[in-house]
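For this chain, numbers begin at 1 and follow the sequence in order.
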Amino acid sequence: KGHPQAYARSGLPVGSRLQPGFAAHLYPVLSPNGTLAGHLLVFNELQRPRISVQSNASAPQDAFHKVIGQSPAIRQALDTARQVAHTASTVLITGESGTGKEVLARALHEASPRRDGPFVAVNCGAIPSELIQSLLFGYVEGAFTGARRGGSPGKFELASGGTLLLDEIGEMPLAMQINLLRVLEEGQLTRVGGIKPVPVDVRIIAATHQDLEEKAKNGEFRPDLFYRLNVIRIHIPPLRERGSDVLVLAQHFITELSKKLGRTVRQVS
């Protein structure tokens, strides 16, 4: 573009069709006698391409923006979740430990008409078998030694009007499964030690890392409860099957940690 001397001081603006965010200038490299020896390309301002960490989120209000990922498997899971979020259908979320089952369950709640109601999560594998019934269904005063005066509501009552997540449902004792099935079928429960039915309006989301269908065949899980829970199944694959989601998640956590620690961390190798 003319003689090199014409743009030796201010440089020649250049752009890239592939990366329009690059703001660069081209400067001539001149020998002492004014001969053009080459060019120096200087990126005055590099606007790094932002990696989306909201995965199909069309707006900040999208309840599923916390489910990080862009892989086909995650998109399929989110597509299914969006289709059933506004329904009352029971959802069974499967996937290995650490894949984000509770994150997806919370997103389903926040995208549902019950979003203003409570979201209550219970880890069925972390409750002693002798306590699980009173924890889920509550108890009346005097039901057992140490029972609180006036009794206590269970997780079902606390979640009424909202969503109850039964995490690690495969760990629930067989003796308790029949009681859970009855509540799901009748929409009401009876507190431990009580006789008065208590109506509950709860959407159930169950989650497990186990193969419930196989457990049902082996007599380790009630088949009727499995079919009651397995209305809509959403599978979350492990990270090793999600390809470039590793990079997306890494960038997400870098951003979160940078904000928390007040440090600028651009990337990791």
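Annotation: side chain of Val183 is not in contact with side chain of Gln188 (no heavy-atom distance under 4.5 Å). Contact check for Leu136 versus Leu180: no side-chain heavy atoms found under the 4.5 Å cut-off. Contact annotation: the side chain of Phe64 approaches that of Leu104 to within less than 4.5 Å [non-hydrogen atoms, C-beta and beyond]. Annotation: side chain of Met176 is not in contact with side chain of Ser129 (no heavy-atom distance under 4.5 Å). Using a 4.5 Å cut-off on side-chain heavy atoms (C-beta onward), Val248 and Ile68 make contact. Ser258 places none of its side-chain heavy atoms less than 4.5 Å from the side chain of Thr264. The shortest side-chain heavy-atom distance between Met172 and Ile169 falls under the 4.5 Å cut-off. Residues Val91 and Ile234 meet the side-chain proximity criterion, which asks for heavy atoms closer than 4.5 Å.
Using a 4.0 Å cut-off between charged nitrogen and carboxylate oxygen, Arg106 and Glu102 count as a salt-bridge pair. Using a 4.0 Å cut-off between charged nitrogen and carboxylate oxygen, Glu171 and Lys215 do not count as a salt-bridge pair.
The distance from atom CG of Leu189 to atom CD of Gln133, rounded to the nearest 0.5 Å, is 10.0 Å. If you take CD on Gln177 and CZ on Arg222, they are separated by 7.5 Å, rounding to the nearest 0.5 Å. Note: Ile205 CD1 to Thr90 OG1 = 9.0 Å, rounded to the nearest 0.5 Å. The CG atom of Leu229 lies 12.0 Å from the CD1 atom of Ile93; values are rounded to the nearest 0.5 Å. Atom CG in Asp245 sits 9.0 Å away from atom CZ in Arg75 (nearest 0.5 Å). One distance of note links CG of Leu212 with CD of Gln210; it measures 7.0 Å at 0.5 Å rounding.
Between the side chain of Asp211 and the backbone N or O of Glu213, at least one donor-acceptor pair lies under 3.5 Å. Looking at Thr163, its side chain never comes within 3.5 Å of a backbone N or O of Ala159 through a donor-acceptor pair. At least one donor-acceptor pair under 3.5 Å links the side chain of Lys101 to the backbone N or O of Gly95. Not one N or O on the side chain of Arg233 forms a donor-acceptor pair closer than 3.5 Å with the backbone of Thr94. A side-chain donor-acceptor contact under 3.5 Å links Asn218 to the backbone of Glu214.
Of all the heavy atoms in Tyr139 and Ser134, the pair that sits closest is CD2-CB, 4.0 Å. Residue Glu168 comes nearest to Ser97 through the heavy atom pair OE2-OG, 4.3 Å, listed as atom of the first residue, atom of the second, then distance. The shortest heavy-atom contact between Ile195 and Pro197 is O-CD, 3.5 Å. Across all non-hydrogen atoms, the minimal contact from Thr208 to Gly170 is OG1-N, 4.1 Å. Shown here for Val231 and Ser89, the closest heavy-atom pair between the two residues is CG1-CB, 4.2 Å. Across all non-hydrogen atoms, the minimal contact from Gly161 to Pro118 is C-CD, 4.2 Å.
Linking Ile, Leu, Val, Met, Phe, Trp and Tyr residues whenever their side-chain heavy atoms come within less than 4.5 Å places Val202 and Val198 in a single cluster. Cluster membership for Val246 and Leu249, using ILVMFWY side-chain heavy atoms within less than 4.5 angstrom, is shared. Under the 4.5 Å side-chain heavy-atom criterion for ILVMFWY residues, no single connected hydrophobic cluster contains both Ile232 and Phe226. Side-chain heavy atoms closer than 4.5 Å link hydrophobic residues (I, L, V, M, F, W, Y) into clusters, and following such links, possibly through other members, connects Leu225 to Tyr227. Linking Ile, Leu, Val, Met, Phe, Trp and Tyr residues whenever their side-chain heavy atoms come within less than 4.5 Å places Leu135 and Ile178 in a single cluster.
The 12-atom threshold is exceeded at CG of Leu131, counting heavy atoms of other residues, nucleotides or ligands nearer than 6.0 Å.
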From CA spacing to verdict: side chain to side chain contact (heavy atoms under 4.5 Å, CB included), Arg191, Phe137: CA-CA 5 Å; Arg191 290 187 180 185; Phe137 299 159; 5.7 Å; no

Set out, in order, the CA-CA distance, both residues' side-chain angles and the distance that settles side chain to side chain contact (heavy atoms under 4.5 Å, CB included) for Ile204 and Arg228, then state yes or no. CA-CA 10 Å; Ile204 298 295; Arg228 172 68 67 169; over 6 Å; no

Glu256 and Gln251: CA distance, side-chain angles, deciding distance, side chain to side chain contact (heavy atoms under 4.5 Å, CB included) verdict: CA-CA 9 Å; Glu256 291 296 308; Gln251 184 62 50; over 6 Å; no

Could you go through the side chain to side chain contact (heavy atoms under 4.5 Å, CB included) check for His86 and Ser112 one step at a time? CA-CA 5 Å; His86 293 279; Ser112 75; 5.8 Å; no

Could you walk me through whether Ser160 and Asp201 satisfy the side chain to side chain donor-acceptor pair (under 3.5 Å) test, starting with their C-alpha distance in whole Å, then the side-chain angles of each, then the deciding distance to 0.1 Å, before giving a yes or no? CA-CA 5 Å; Ser160 192; Asp201 173 27; 5.6 Å; no

